[in-house]
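Just so it is clear, the model here is predicted, and its values are computed rather than measured. As the structure lists them, so they are numbered: ligands from 1, and atoms in each ligand from 1.
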Amino acid sequence: MTLNLGKKPLKPAPRPESAEPAQTARELQARLGREKVLLELAQRRNYSYDGIAMGVTPTLVVLPTSTAEVVEVVRFANRVGLPLVARGAASGLSGGAVPVQESIVVSFTRMTGLQIDPQARLATVQPGVVTLQISEQARPYGLCYPPDPASFRTSTIGGNLAENAGGPMCFKKGVTGDYVVELEFVDYSGAVHRLRREAYDLVGLLVGSEGTLGLITEARLRLEPIPRYTRTLMAIFSEVGQAAEAVSEAIAAGAVPSKLEFMDNGCINAVEDYLKLGLPRQAAAILLVDTDGDDPVVVEEELAWVAEACQKHGASVRIAQNSAESEALWKARRSISPAIGAIKPKRLNEDIAVPRSSLPEVVRAVEALGRQYGLRVVQFGHIGDGNLHPNVLYDPKADAEEKVWELLHEIARVALRHGGVLSGEHGIGLMKRDFMREAVDPTTLEALRRVKVAFDPEHRLNPGKVLPEANSQAH
Ligand SMILES: Cc1cc2nc3c(=O)[nH]c(=O)nc-3n(C[C@H](O)[C@H](O)[C@H](O)COP(=O)(O)OP(=O)(O)OC[C@H]3O[C@@H](n4cnc5c(N)ncnc54)[C@H](O)[C@@H]3O)c2cc1C
């Protein structure tokens with residue numbers, strides 16, 4: 001299996017006008033302003049990749065600043081017969097924002113409006129707002145926006161909504177979609193829709209639709225009060241499966257950790273090389289756990305339940321004594337990505353989610369697969385809701401890419417065999433599109449196709465993503 005970059009979309013979009021895009025694009029430039037429509041090749045090339053894949057240089061890049069301008073771009077795209085690819089910060093890890101054919105990339109990075117309504121505990125955001133900014137702007141009112149992908153310093157809320165992003169807090173506090181009260185999007189024809197959670201939860205449908213059903217232009221998001229107390233611990237294990245077992249045990253005992261993350265030995269050592277924080281290099285795995293709330297007794301009690309469950313499964317436990325120690329531990333978690341990037345020239349990131357009860361077996365099975373394929377695999381993830389990110393690290397000069405892809409698919413098969421899903425939070429995008437045949441039964445796949453056609457009858461929105469081509473072969 002390869003990335004299929006450059007393959008034709010499900011149905012190529014028709015091009016009703018013969019006018020050269022570059023020519024008509026100058027008209028668009030004149031209407032929106034020169035700085036909002038990029039025509040130069042060197043500029044456009046910067047919009048051909050995301051965090052994992054490289055695609056086709058877009059024909060045109062547009063940086064709208066309002067919903068009205070997005071409407072104008074969609075109408076323009078329809079006139080010239082070009083599809084549209086929405087793009088936020090391009091931190092995505094499934095190739096979602098990568099163009100696979102001639103297209104217009106709509107970059108939302110200049111739509112950065114953000115208003116906090118402390119009385120209603122709501123934030124009104126445009127899609128280009130960087131995720132972390134929502135909590136930063138809400139903090140003076142004692143409020144926060146809990147969904148916290150590890151990329152929250154760069155990712156945009158538009159990308160988070162389109163991927164239904166999760167984060168270390170998702171076990172207790174939920175994922176992006178759980179916070180959406182209202183959503184505005186522009187459809188394939190240029191019509192603007194404002195959705196609330198009403199009949200046929202269309203908000204729920206747009207969230208996680210990976211730019212294939214509409215262009216999200218605004219959202220109203222629920223904010224929560226900042227908890228008054230937070231405690232952090234690190235549990236150190238000598239076997240990876242024990243860490244997974246301890247998570248199930250702690251949760252069964254009634255603990256609801258506000259953050260819960262797993263790192264295996266490869267991640268621990270990579271981060272230690274990178275940051276020198278004093279992490280336990282010999283450990284097979286660590287768990288990082290926060291408990292939070294407004295009652296210090298309850299917060300301590302929950303931390304004690306977690307510590308006990310970890311100790312029962314052979315761990316030694318260190319409790320952070322102050323906020324600086326706690327912050328250092330979470331910095332370790334956030335630094336995994338750059339840290340493991342330094343081990344081998346390339347890596348591919350899996351994103352499986354399995355029932356928590358299967359975690360010990362899945363974690364061990366992934367380790368065994370890495371050994372079987374002779375490839376370096378490191379694992380980490382938001383283990384509280386069964387989300388794991390096995391990363392295959394490799395050197396394209398020494399390791400065949402085919403073998404790397406085969407291993408990734410074997411890992412995905414492990415998840416499916418254990419009742420899991422193909423993607424926990426990074427989306428299907430381009431990376432897992434063709435694997436959907438194996439993961440989803442034909443009737444459900446057909447239902448998904450009908451949803452796509454209902455929203456985007458001419459396949460103009462992010463073509464070539466999520467759904468496999470109707471006539472393509474399963475592997
Ligand atoms: C170091 C690192 C850590 C990460 N950690 C996490 C994590 O903990 N949890 C997690 O969930 N993800 C994580 N990710 C993945 C990534 O950051 C998320 O998927 C994020 O939501 C993508 O946001 P973005 O703005 O970069 O979107 P992009 O990558 O630009 O786009 C992602 C998808 O959203 C679509 N899209 C973007 N904007 C819009 C819009 N306005 N309307 C419609 N569609 C749109 C695009 O077409 C594409 O399909 C991580 C990535 C990195 C590099």
Side-chain angles (χ1 to χ4, degrees), residues 47 49-53 55 58 63-64 67 70 73-74 83-100 103-112 125-132 147-170 175-177 183-188 206-219 259 261 330 333-341 347 349 351 353 380-383 385 387-389 391 423-431 433 455-456 461-466:
Y47 294 81
Y49 59 85
D50 72 353
I52 199 149
L63 299 111
T67 300
V70 176
V73 177
V74 174
L84 293 148
V85 180
R87 181 181 162 109
S91 71
L93 293 173
S94 59
V98 169
V100 292
S103 24
I104 298 177
V105 164
V106 185
S107 169
F108 284 98
T109 49
R110 292 196 190 163
M111 286 182 69
T112 54
V125 293
Q126 284 188 317
V129 168
V130 171
T131 315
L132 177 62
D148 60 341
S151 51
F152 70 168
R153 289 173 201 280
T154 47
S155 70
T156 65
I157 191 67
N160 291 174
L161 288 161
E163 299 287 6
N164 198 11
M169 286 199 189
C170 62
V175 293
T176 305
L183 197 75
E184 180 188 87
F185 78 99
V186 177
D187 75 12
Y188 77 101
L206 260 289
V207 171
S209 63
E210 304 188 31
T212 63
L213 302 184
L215 303 175
I216 297 166
T217 44
E218 196 175 284
K259 285 193 192 176
E261 289 288 310
W330 288 110
R333 165 60 185 93
R334 288 196 300 273
S335 307
I336 292 175
S337 199
I340 61 175
R347 70 184 170 114
N349 189 336
D351 166 44
F380 59 93
H382 318 310
I383 198 162
D385 61 357
N387 190 195
L388 270 187
H389 298 306
N391 275 234
S423 169
E425 57 184 18
H426 294 168
I428 301 299
L430 199 53
M431 295 272 298
R433 181 190 71 163
F455 276 80
D456 181 21
L461 300 176
N462 212 358
K465 310 294 168 60
V466 183

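For atom 36 (N) of ligand 1, the choice among Gly214, Cys170, Ala162 with the nearest heavy atom turns out to be Ala162. Selection from Gly159, Ser94, Gly341 by nearest heavy atom to atom 27 (O) of ligand 1 gives Gly159. Checking Lys465, Arg87, Glu425 against atom 7 (C) of ligand 1, the nearest heavy atom belongs to Glu425.
Between Ile216 and Phe108 there is no side-chain heavy-atom pair separated by less than 4.5 Å. Side-chain contact between Glu425 and Thr176 is absent, with no heavy-atom pair separated by less than 4.5 Å. The shortest distance between side-chain heavy atoms of Thr67 and Val186 falls below 4.5 Å. In this structure, Phe380 and Ile340 have side chains that are in contact, with non-hydrogen atoms separated by less than 4.5 Å. Side chains of Trp330 and Pro168 form a contact here, defined as non-hydrogen atoms less than 4.5 Å apart. In this structure, the side chains of His389 and Leu93 stay at 4.5 Å or more apart for every pair of heavy atoms. For the pair Thr109 and Arg87, the minimum side-chain heavy-atom distance is 4.5 Å or more. The closest side-chain heavy-atom distance from Glu163 to Ser94 is below 4.5 Å.
In this structure, atom 50 (C) of ligand 1 lies nearest to the protein heavy atom Ser151 OG, 3.5 Å. Closest protein heavy atom to atom 13 (C) of ligand 1: His426 NE2, 3.6 Å. Scanning all protein heavy atoms for the shortest distance to atom 29 (O) of ligand 1 gives Gly92 N, 2.8 Å. Regarding atom 18 (C) of ligand 1, its nearest protein heavy-atom neighbour is Ser91 OG, 4.2 Å. Of all protein heavy atoms, the one lying nearest to atom 24 (P) of ligand 1 is Ala89 N, 3.5 Å. With hydrogens left out, the protein atom closest to atom 41 (N) of ligand 1 is Ile216 O, 3.0 Å, a heavy atom. The protein non-hydrogen atom at the shortest distance from atom 31 (O) of ligand 1 is Ala97 CB, 3.8 Å.
Within the structure, the closest approach of Gly166 to ligand 1 falls below 4.0 Å when heavy atoms are considered. Under a 4.0 Å heavy-atom criterion, His382 is in contact with ligand 1. Taking a 4.0 Å cut-off on heavy atoms, Leu93 registers as neighbouring ligand 1. Taking a 4.0 Å cut-off on heavy atoms, Val85 fails to register as neighbouring ligand 1. Ligand 1 lies less than 4.0 angstrom from a heavy atom belonging to Ala90. For the ligand labelled ligand 1, residue Pro338 lies outside the 4.0 Å heavy-atom shell.
Residue contacts with ligand 1: Ser155 is placed with no nitrogen or oxygen under 3.5 Å of a nitrogen or oxygen of the ligand (distance criterion only). Inclusion of Pro149 in the set of residues having an N or O under 3.5 Å from an N or O of ligand 1 is not warranted. At a 3.5 angstrom cut-off on N or O pairs, Phe108 does not count as close to ligand 1. In terms of polar-atom proximity, defined here as any N/O pair under 3.5 Å, Glu210 does make such a contact with ligand 1. For Ala150, a nitrogen or oxygen atom sits less than 3.5 Å from a nitrogen or oxygen atom of ligand 1, counting backbone and side chain alike. The shortest N or O to N or O distance between Arg333 and ligand 1 is not below 3.5 Å. Of the polar atoms of Leu215, none of the N or O atoms is found under 3.5 Å from an N or O of ligand 1, judged by distance alone.
Numbered from 1 in the order shown, with element, the atoms of ligand 1 that lie under 4.0 Å from a heavy atom of Gly88 read 25 (O), 28 (P), 30 (O), 37 (C), 38 (N). The ligand atoms of ligand 1 that sit less than 4.0 angstrom from a heavy atom of Gly158 are 38 (N), 39 (C). Near Pro127, the atoms of ligand 1 lying under 4.0 angstrom from a non-hydrogen atom of the residue are 41 (N). Within ligand 1, the atoms closer than 4.0 Å to a non-hydrogen atom of Ser337 are 1 (C), numbered from 1 in the order shown. Set against the non-hydrogen atoms of Thr156, the atoms of ligand 1 under 4.0 Å away are 24 (P), 25 (O). Atoms of ligand 1 lying under 4.0 Å from any heavy atom of Ala165, numbered from 1 in the order shown and given with element: 11 (O), 21 (O). Near Gly211, meaning under 4.0 Å from one of its heavy atoms, ligand 1 places the atoms 43 (C), 44 (N). In the vicinity of Gly96, heavy-atom distances shorter than 4.0 Å reach the ligand 1 atoms 47 (O), 48 (C), 49 (O).
For the residue pair Ala86 and Leu215, the shortest heavy atom distance occurs at CB-CD2, 3.7 Å. The minimum heavy-atom distance linking Pro99 with Val105 is given by the pair CG-CG2, 3.8 Å. Annotation for Asp50 and Ala97: closest pair OD2-N, 4.2 Å, computed over non-hydrogen atoms. Taking both residues in full, the closest heavy atoms of Val106 and Leu84 are given as CG2-CD2, 3.6 Å, listed atom of the first, atom of the second, then distance. Nearest heavy-atom pair across Thr131 and Asn160 is OG1-OD1, 2.7 Å. The shortest non-hydrogen separation linking Thr217 to Glu184 is OG1-OE1, 2.7 Å.
In this model, a donor atom of one side chain and an acceptor atom of the other lie less than 3.5 Å apart for Ser423 and Asp351. Using a 3.5 Å distance cut-off with no hydrogens or angles, the side chains of Arg347 and Ser337 do pair a donor with an acceptor.
Contacts between Asn160 and ligand 1 below 4.0 angstrom, taking non-hydrogen atoms only, involve backbone and side chain alike. Of the heavy atoms in Ala86, both backbone and side-chain atoms come closer than 4.0 Å to ligand 1. Contact annotation for Thr217 and ligand 1: no heavy atom of the residue comes within less than 4.0 Å of the ligand.
By the 6.0 Å contact criterion, OH on Tyr188 is open, its count of non-hydrogen atoms from other residues, nucleotides or ligands being 12 or less.
Taking 4.0 Å as the cut-off between side-chain N and carboxylate O, Glu261 and Arg333 count as a salt-bridged pair.
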